[in-house]
Amino acid sequence: MTRFLLNHDEIALDAARADATVLEYLRENRRKIGTKEGCASGDCGACTVVVAEADAAGEVLSYRAVNSCIAFAGQLHGRQLISVEDLAENGALHPVQRALVEHHASQCGFCTPGFVMSLFALYKNWHAKSRRDGEAREIAAAPRHIIENHLAGNLCRCTGYRPIIDAAAQATRAAAPDQFSRAEKPQARQLKRLRRRQPGASDFHLPQSARELAGLLRDLPGARLVAGGTDLALEVTQELRPLDALISVSRVKELNRLRATARHLDIGAAVPLADCAGPLGAEHPALAELLRRFGSMQIRNQATVGGNLANASPVADLPPALIALGAEVKLQQGARIRRLAVEDFFTAYKQTALADGEFIRSVLVPRAPALGTLGTKATKPDAPAATLYMYKISKRMDDDIAAVCAAFYVSVERGGNTVAGVRAAFGGMAEIPKRALHCEEALRGRPLTAATLAAARRALRDDFQPISDARAGAAYRMTVAQNLLNRLFMELPGARPGATVQTQIDARNDARN
């Protein structure tokens with residue numbers, strides 16, 4: 001039995017299928033039809049709801065906007081589900097709703113409930129550190145880049161975004177406590193109690209420990225693992241394929257830890273990407289921008305590091321970065337734990353090295369040391385620090401899948417212009433995310449000149465034979481990958497300014513020959 005709060009009411013749900021979505025529950029079971037179905041794939045944001053969860057102490061709630069069309073109802077256990085119908089209080093609109101009305105930020109209205117809920121999550125989180133209990137006061141509006149980040153997963157083809165952004169600025173300036181603020185502490189304690197109660201559903205399992213998870217995988221070999229569900233749910237909504245038994249890793253304590261050691265960030269496989277962006281970006285700034293462009297806020301609130309790897313998509317965003325950094329995965333089967341380099345985790349298209357009954361426990365991401373000659377065992381004490389460069393090429397800037405994703409982890413000799421070490425990896429160029437070993441060899445130990453760049457561009461043809469598909473053609477992918485080397489040389493310290501121009505001339509000559 002799944003126990004949760006629907007707005008302020010406690011619900012005990014025992015009749016839902018394992019693969020029933022939150023959107024299906026709201027519209028069909030509860031007849032709350034304000035939440036809309038648009039794309040059924042987590043792209044348009046019309047289905048956005050907010051899920052609140054209590055902290056470990058049961059005192060504070062955190063609010064996350066999620067796509068209800070690709071979230072399973074069983075994942076609501078011990079959480080609060082907030083839908084658009086219940087934001088207003090005693091006939092008075094919530095500040096977010098009122099701001100949208102006052103700025104005329106709606107036309108056909110189909111997408112509006114999703115915008116309301118995304119802005120409601122922004123409203124709650126923006127005020128979380130600023131508000132004082134029971135005291136209304138003016139605070140600074142959320143800056144435009146934060147507003148845009150929260151709205152990147154909501155599409156509108158009628159209104160235009162300016163009035164919506166203006167409404168967001170007005171709403172975030174209004175700091176009067178709403179009904180959810182006033183009920184926060186008792187509801188946080190209530191959610192803590194609900195979370196402790198094991199759900200009794202026979203087909204949706206919520207193990208609490210890695211040991212329990214390992215046992216379920218042993219006893220239920222046909223069950224599917226679900227973390228955020230942002231990809232798995234598409235089998236239900238797009239392919240209409242039933243999922244009879246699911247094992248959620250969202251409550252496994254060992255998989256929800258994020259800790260820093262002297263050498264690694266040890267990130268649990270079930271940690272949402274939204275919670276990883278800060279720690280990863282602090283170590284490797286290029287990852288902050290990559291994760292900002294990883295789907296939308298709704299997707300990042302659900303999707304996990306482990307899920308992005310286990311999905312084994314050749315165009316997934318994180319694997320090229322993790323491969324370039326030399327990251328590892330911890331894999332567990334029963335009580336046995338082993339470590340494997342991320343570059344060895346992918347074995348073929350959509351296939352991994354996971355054995356039967358094995359799961360990803362965590363990902364070990366190297367911190368930013370002085371790496372010197374990357375790829376060798378020895379690291380010189382005075383070696384130059386390496387920097388990660390990430391480039392994602394997609395048709396849209398936000399909320400889109402990459403045609404090509406490139407990661408270069410490069411160190412340049414101190415006081416010189418020679419590549420001391422390099423690891424390069426690409427997504428979208430092969431059936432798996434893959435290192436560019438020939439390209440690395442063409443760069444390592446070489447000066448940052450036009451000749452080196454030209455050799456590295458040619459070496460990419462030995463590393464990859466990309467395919468053509470709906471997202472991009474083979475020739476386009478190779479050209480883009482080579483041009484990303486140009487961009488790398490423009491950004492590396494010590495590179496000669498003329499290198500890019502000369503390489504373009506060389507590339508034209510290569511094409512003629």
Side-chain angles (χ1 to χ4, degrees), residues 2 18-22 41-42 51 53 62 64-79 195 199 201 203-217 220 222-237 243 245-258 265-277 279-280 291 294-313 316-319 322 327 329-333 342 345-346 350 352-354 357-365:
T2 302
D19 58 5
T21 66
V22 173
S41 60
V51 174
E53 188 163 12
S62 60
R64 296 178 187 261
V66 302
N67 291 307
S68 63
C69 70
I70 54 172
F72 295 115
Q75 295 170 293
L76 294 174
H77 185 76
R79 292 169 171 159
R195 190 170 57 201
D203 51 8
F204 193 97
H205 304 271
L206 277 167
Q208 306 295 303
S209 68
R211 180 179 179 180
E212 186 181 352
L213 171 60
L216 283 170
L217 286 174
L220 302 170
R224 301 286 295 277
L225 278 181
V226 58
T230 55
D231 186 75
L232 181 63
L234 300 185
E235 294 186 19
V236 178
T237 63
L243 301 175
L246 292 172
I247 302 173
S248 173
V249 300
S250 63
R251 304 304 172 87
V252 178
K253 57 181 181 295
E254 294 90 343
L255 275 61
N256 279 280
R257 295 170 180 161
L258 194 162
L265 289 179
D266 190 346
I267 303 174
V271 174
L273 292 172
D275 297 344
C276 300
L280 284 172
L291 287 171
F294 192 115
S296 62
M297 180 68 75
Q298 292 96 315
I299 295 295
R300 296 192 297 274
N301 282 338
Q302 292 176 255
T304 65
V305 175
N308 196 236
L309 291 176
N311 183 42
S313 169
D317 286 353
L318 276 180
L322 297 177
V329 285
K330 280 186 182 178
L331 307 177
Q332 182 169 344
Q333 182 186 45
V342 171
F345 180 71
F346 307 103
K350 299 290 281 186
T352 71
L354 283 169
E358 193 171 37
F359 60 90
I360 302 174
R361 182 182 172 105
S362 69
V363 181
L364 298 171
V365 182

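Computed from a predicted model, the values in this text were never measured in an experiment.
Each of Leu246, Leu354, Ile247 was checked for a side-chain contact (heavy atoms from CB on, under 4.5 Å) with Leu225, and the lone residue meeting it is Ile247. When His77, Arg251, Arg79 are each tested for a side-chain contact (heavy atoms from CB on, under 4.5 Å) with Arg195, only one passes: Arg251.
Taken from CG in Leu331 to CZ in Phe359, the straight-line distance is 9.5 Å, to the nearest 0.5 Å. In this structure, OG1 on Thr2 lies 7.5 Å from CG on Leu76, to the nearest 0.5 angstrom. The CD atom of Glu358 lies 9.0 Å from the CD atom of Gln332; values are rounded to the nearest 0.5 Å.
Contacts of Asn256 classified as side-chain contact (heavy atoms from CB on, under 4.5 Å), with partners at least two apart in sequence or in another chain: Ala270. Residues passing the side-chain contact (heavy atoms from CB on, under 4.5 Å) test with Arg211 are Ser209, sequence neighbours excluded. Here Val236 pairs with Asp19, Phe72, Leu243 under the side-chain contact (heavy atoms from CB on, under 4.5 Å) rule; sequence neighbours left out. For Thr21, there are no side chain to side chain donor-acceptor pair (under 3.5 Å) partners at least two apart in sequence or on another chain. Under the rule for a side-chain contact (heavy atoms from CB on, under 4.5 Å), the partners of Ala312 that lie at least two apart in sequence or sit in another chain are Phe346, Thr352.
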Name every donor-acceptor pair, under 3.5 Å, that has one atom in a side chain of residues 227-235 and the other anywhere in the protein, sequence neighbours excluded.
unit_1: Glu235; atom_1: OE1; unit_2: Arg224; atom_2: NH1; d: 3.2
unit_1: Glu235; atom_1: OE1; unit_2: Arg241; atom_2: NH1; d: 3.2
unit_1: Glu235; atom_1: OE2; unit_2: Arg224; atom_2: NH2; d: 2.9

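Looking only at side-chain heavy atoms (C-beta outward), Asn301 and Leu273 stay at 4.5 Å or farther from each other. Here the side chains of Leu309 and Ile360 are in contact, with some heavy-atom distance below 4.5 Å. A heavy-atom distance below 4.5 Å is found between the side chains of Asn67 and Gln302. The shortest side-chain heavy-atom distance between Asn311 and Lys350 falls under the 4.5 Å cut-off.
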Apply side-chain contact (heavy atoms from CB on, under 4.5 Å) to the pair Leu280 and Ile267, showing each step before the final yes or no. CA-CA 10 Å; Leu280 284 172; Ile267 303 174; 3.8 Å; yes
Is there a side-chain contact (heavy atoms from CB on, under 4.5 Å) between His205 and Leu220? Walk through the geometry before answering. CA-CA 10 Å; His205 304 271; Leu220 302 170; 3.5 Å; yes
Show, in sequence, the C-alpha distance, side-chain angles and deciding distance for Glu254 and Leu213, and conclude whether the side-chain contact (heavy atoms from CB on, under 4.5 Å) test is met. CA-CA 10 Å; Glu254 294 90 343; Leu213 171 60; over 6 Å; no
Check the pair Val329 / Leu364 against side-chain contact (heavy atoms from CB on, under 4.5 Å), numbers first and verdict last. CA-CA 6 Å; Val329 285; Leu364 298 171; over 6 Å; no
Using salt bridge (charged side-chain N to carboxylate O under 4.0 Å, His left out), reason through Asp266 and Lys330 one step at a time and then give a plain yes or no. CA-CA 9 Å; Asp266 190 346; Lys330 280 186 182 178; 3.4 Å; yes
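For the residue pair Ser41 and Cys69, the shortest heavy atom distance occurs at N-SG, 3.7 Å.
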